[in-house]
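Please read the structure below before turning to the comments.
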2 protein chains.
Amino acid sequence: MRYKTVIVDDHPIVISGIAGLLSELENIEIVEKFESGIALLDYIEDHKIDLILMDIFLPIINGVDLCKTIKQKHPKIVIIGMSSQSERSLVMQFIQNGGNGYILKNASFDEFKNCIYKAIDGEIVFSEEVKTIISQPLSEDLERIPGLSRRERDIALLLSQGKSTQEIADDLFLSFLTVQTHRRNILQKYKMKNVAELIAFLLKNNMLN
Amino acid sequence: MRYKTVIVDDHPIVISGIAGLLSELENIEIVEKFESGIALLDYIEDHKIDLILMDIFLPIINGVDLCKTIKQKHPKIVIIGMSSQSERSLVMQFIQNGGNGYILKNASFDEFKNCIYKAIDGEIVFSEEVKTIISQPLSEDLERIPGLSRRERDIALLLSQGKSTQEIADDLFLSFLTVQTHRRNILQKYKMKNVAELIAFLLKNNMLN
DNA sequence: TAAAAAATACATTTTATCAGGTATTGCTAC
DNA sequence: GTAGCAATACCTGATAAAATGTATTTTTTA
């Protein structure tokens, strides 16, 4: 039996690369390639598919939602997610929405092949780097870094725009003293010495915007 | 004549995709593929190369710095940058460091081909989406962003770590007053109100590290 | 090698931040 | 329905940063 496979990625080059790789696999048959999830959803209604390789960052509808939608109607289709960088929470979400595996695009050809074969056999698969990312930081990542509250985020954002305490108070129709308190709370929460260090920290952890 | 070409990308799949594309072009010959810039820098000393296609986001050394380093020694090599997302400032930086073009990875095969041919002919080329991104605020960006000097970068980096002027002075064995002057110069250069805004600006434009 | 850029240094005034403690009100989740 | 968090607000002293002006030396580079 040959597994009817589709590839979804908004980068033509990546599609071509994966197609080249898959063509080496005996029992895989690429039946279609898409640059967006919408096109795939159309196609899937009228055609039999066994395996989907999809990018997570797609225009219009993202990979996580796409996976969820497909799995609801077609739970037997094996879906493997891919992306360039991986965040722990993203991978978890994808799997919770029915994904059968997750591969980083910097994985080697052998990793790709192994993961695809194992996924077809019913395993949940991850490429090496994904494994290390999802296996470690339960204590460090989720517990250690508390989030900003709504107001704190507003204020942090304005701080990153160079606004002074007074200017922020005026912008948000708050007392100067309130803003001062929020600012102090943020600094204490992350044990930062001053606003400069705070902004660097927040930006590096994607906690602004 | 066949142009000796190398591909640099940390995603094996992308390398494979580009290689597939380039194999259709008569006068392009792929002589080597690398997953990091370090390996390329070694190779380039002993081998003739005419064209480099490189990812911008690479481990260890990034594409912008890699391009600069190569161009200093080998100005005749045509270098085209690639990335998945494009920020205006990043593209500009790349070109200012000697890059001959910039292509988004979601470009079509035809776009890739055209850009490569034109770049070989001496043009500075951009894929369609890059063009739209860089063409907008013409007047603002042509008075381009000046860079940080070495010392300024040192100081900006320490500022982003929350150090005070006095601490920086101690760290770098400088007078408090010297650091104060540098800090002021940096703020004035980018017309920033304070260090917080400066750090946000520098990080967003990848000017630290 | 001359000009430009970068790095160094000093002095002062005004303004803002940081750090300490305290307290009230409104949600909201258990 | 209450405990806990979030948001609001006040006070003050010490410290640091920002704004302004000037000037010498070293290094790059055209």
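In the text below, chain A, chain B and the rest are named by the order of the sequence lines, each starting its count at 1.
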* Can you run down the salt bridge (charged side-chain N to carboxylate O under 4.0 Å, His left out) pairs that involve residues 47-56 of chain B, sequence neighbours left out, and say none if there aren't any? => B:Lys48-B:Asp50, B:Asp55-B:Lys105
* Asked: Toward the 5' end of DNA chain C, which comes first, B:Phe176 or B:Glu152, by nearest nucleotide?
  -> B:Glu152
* Is there any side-chain hydrogen bond (donor to acceptor under 3.5 Å, both in side chains) pair reaching into residues 60-71 of chain A, and which pairs are they, with sequence neighbours excluded? -> A:Asn62-A:Asp65, A:Lys71-A:Asn100
* Write out all pairs satisfying salt bridge (charged side-chain N to carboxylate O under 4.0 Å, His left out) with one or both partners inside residues 174-187 of chain B, taking only residues at least two apart or from two chains. => none
* Sugar-phosphate or base contact per nucleotide [nucleotides 18-30 of chain D; S, B, -; heavy atom under 4.0 Å] -> SBBBB-----S--
* **B:Ala107: partners by side-chain contact (heavy atoms from CB on, under 4.5 Å), with sequence neighbours left out** => B:Ile103, B:Glu111, B:Phe112, B:Ser127
* Tell me, please, which residues at least two apart from A:Asp154 pass side-chain hydrogen bond (donor to acceptor under 3.5 Å, both in side chains). => A:Arg151
* Structure fact -> Hits for ring pair (Phe, Tyr, Trp, His ring centres under 6.0 Å) against A:His74, two or more places apart or cross-chain, chain-then-number order -> none
Distance-only donor-acceptor pairs under 3.5 Å for side chains of residues 167-176 of chain B, two or more places apart:
{"from": "B:Glu167", "atom 1": "OE1", "to": "B:Ser164", "atom 2": "N", "distance (Å)": "2.8"}
{"from": "B:Asp170", "atom 1": "OD1", "to": "B:Gln166", "atom 2": "NE2", "distance (Å)": "3.2"}
{"from": "B:Asp171", "atom 1": "OD2", "to": "B:Lys163", "atom 2": "NZ", "distance (Å)": "2.7"}
{"from": "B:Ser175", "atom 1": "OG", "to": "B:Leu177", "atom 2": "N", "distance (Å)": "3.0"}

* Where B:Ala200 and A:Ser160 come nearest, the two heavy atoms and their spacing -> CB-O, 3.4 Å
* If you look only at pairs with a residue in residues 44-70 of chain A, which of them pass as a ring-ring contact (aromatic ring centres under 6.0 Å, His included), with sequence neighbours excluded? -> A:Tyr43-A:His47
* Rounding to a whole Å, what distance do you find between A:Leu177:CG and D:dC10:P? -> 5 Å
Pairs of donor and acceptor atoms involving the side chains of residues 21-38 of chain B, under 3.5 Å and at least two apart or interchain, shall be tabulated with distances.
{"from": "B:Ser23", "atom 1": "OG", "to": "B:Gly20", "atom 2": "O", "distance (Å)": "2.6"}
{"from": "B:Glu24", "atom 1": "OE1", "to": "B:Lys113", "atom 2": "NZ", "distance (Å)": "3.0"}
{"from": "B:Ser36", "atom 1": "OG", "to": "B:Ile38", "atom 2": "N", "distance (Å)": "3.4"}

* Between A:Thr178 and D:dT8, does any side-chain N or O lie under 4.0 Å from OP1 or OP2? -> no
* Structure fact -> Rounded to whole Å, the CG-C1' distance (A:Leu172 to D:dT8) equals 12 Å
* To do: Could you check which residues of residues 158-166 of chain A get a heavy atom under 4.0 Å from DNA chain D? Sort them by number, please.
  => none
* **Nucleotides bounding contact with chain B, strand DNA chain C, heavy-atom threshold 4.0 Å** => C:dA6 to C:dT12
* Asked: A:Leu66 versus A:Ile52: any side-chain heavy-atom pair under 4.5 Å?
  -> no
* Could you check whether A:Ser175 gets within reach of a base, just the sugar-phosphate, or nothing at all, counting any heavy atom under 4.0 Å? => sugar-phosphate
